[in-house]
*Asks:* 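Okay, handing you the structure first.
Given the structure is predicted, the values throughout are model-derived calculations rather than measurements. Residues take their numbers from the sequence shown, with the count starting at 1.
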Amino acid sequence: MKILKPYRARIDALDKQLIDLFVERFQVIKEVGHLKARENIDAILQDRVDEVRNNAVTMADGEIDPAFIYRLWTDIIKYSCDLEEDIKTSYKDSKTA
């Protein structure tokens, strides 16, 4: 539908920005994962998990359904913690090899 084309273009551009930001976020997560591995810090720090998730809900400021933001950030945080855990496991394996 031709009438939707400009909206689709805007959505596609926003999706690209979101992906770029996720790439940047997960690069930082990898840096944190390496630091946690070297310093033997747990990958999951529940206080921080709760803080990040609650901050996201607050930042949405009623513009987006808080339950949706909570679920979305739960998935983002789980992926981040899994990534950190993988880095820690690789680090430990390299120390024993």
*Asks:* Would you say Met59 ends up clustered with Trp73 if hydrophobic residues are merged whenever their side chains have heavy atoms under 4.5 Å apart, either directly or through other cluster members?
*Replies:*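 Cluster IDs for Trp73 and Met59 differ.
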*Asks:* Against Gln17, only a single residue in Ile19, Leu14, Asp15 fulfils side chain to side chain contact (heavy atoms under 4.5 Å, CB included); can you say which?
*Replies:*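 Looking at Ile19, Leu14, Asp15, the match for Gln17 under the side chain to side chain contact (heavy atoms under 4.5 Å, CB included) is Leu14.
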*Asks:* Report all side-chain donor-acceptor pairs from residues 22-39 shorter than 3.5 Å, counting only partners two or more places apart or in another chain.
*Replies:*
| unit_1 | atom_1 | unit_2 | atom_2 | d |
| --- | --- | --- | --- | --- |
| Arg25 | NH1 | Ser80 | OG | 3.1 |
| Lys36 | NZ | Ala43 | O | 3.0 |
| Lys36 | NZ | Glu84 | OE1 | 2.7 |

*Asks:* So, taking the atom named CG in Asp50 and the one named CD1 in Ile77, what distance separates them when rounded to the nearest 0.5 Å?
*Replies:*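 Answer rounded to 0.5 Å: 8.0 Å.
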*Asks:* Quick one: salt bridge (charged side-chain N to carboxylate O under 4.0 Å, His left out) pairs with a partner in residues 58-78, sequence neighbours left out?
*Replies:*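 The answer is Lys78-Asp82.
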*Asks:* State plainly whether one hydrophobic cluster holds both Leu72 and Ile11, where clusters connect Ile, Leu, Val, Met, Phe, Trp and Tyr through side-chain heavy atoms under 4.5 angstrom apart.
*Replies:*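 In one cluster: no.
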*Asks:* What about Leu45 and Val49, same hydrophobic cluster or not, with Ile/Leu/Val/Met/Phe/Trp/Tyr joined at side-chain heavy-atom distances under 4.5 Å?
*Replies:*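 As far as the 4.5 Å side-chain criterion goes, Val49 and Leu45 are not connected within one cluster.
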*Asks:* Give, for atom CG of Asn40 and atom NZ of Lys92, the distance between the pair rounded to the nearest 0.5 Å.
*Replies:*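 Going from the CG atom of Asn40 to the NZ atom of Lys92 covers 6.5 Å.
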*Asks:* Which pair of non-hydrogen atoms, one from Arg53 and one from Gln46, has the smallest distance, and what is that distance?
*Replies:*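 So the minimum-distance heavy-atom pair works out to NH2-NE2, 4.0 Å.
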*Asks:* Check for me, please, whether Val52 and Phe68 land in the same ILVMFWY cluster - side-chain distances under 4.5 Å, paths through other members count.
*Replies:*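 Result: yes, single cluster for both.
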*Asks:* Give the cluster check for Ile41 versus Leu83: same hydrophobic cluster or not, with ILVMFWY residues linked at side-chain heavy-atom distances below 4.5 Å.
*Replies:*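 No; Leu83 is not reachable from Ile41 via cluster members.
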*Asks:* Salt-bridge test for Asp20 and Lys16: reply yes if a basic N is under 4.0 Å from a carboxylate O, no otherwise.
*Replies:*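 Yes, Asp20 and Lys16 are salt-bridged.
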*Asks:* So, Glu51 and Arg48, do they make that salt bridge, N to O below 4.0 Å?
*Replies:*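 Yes.
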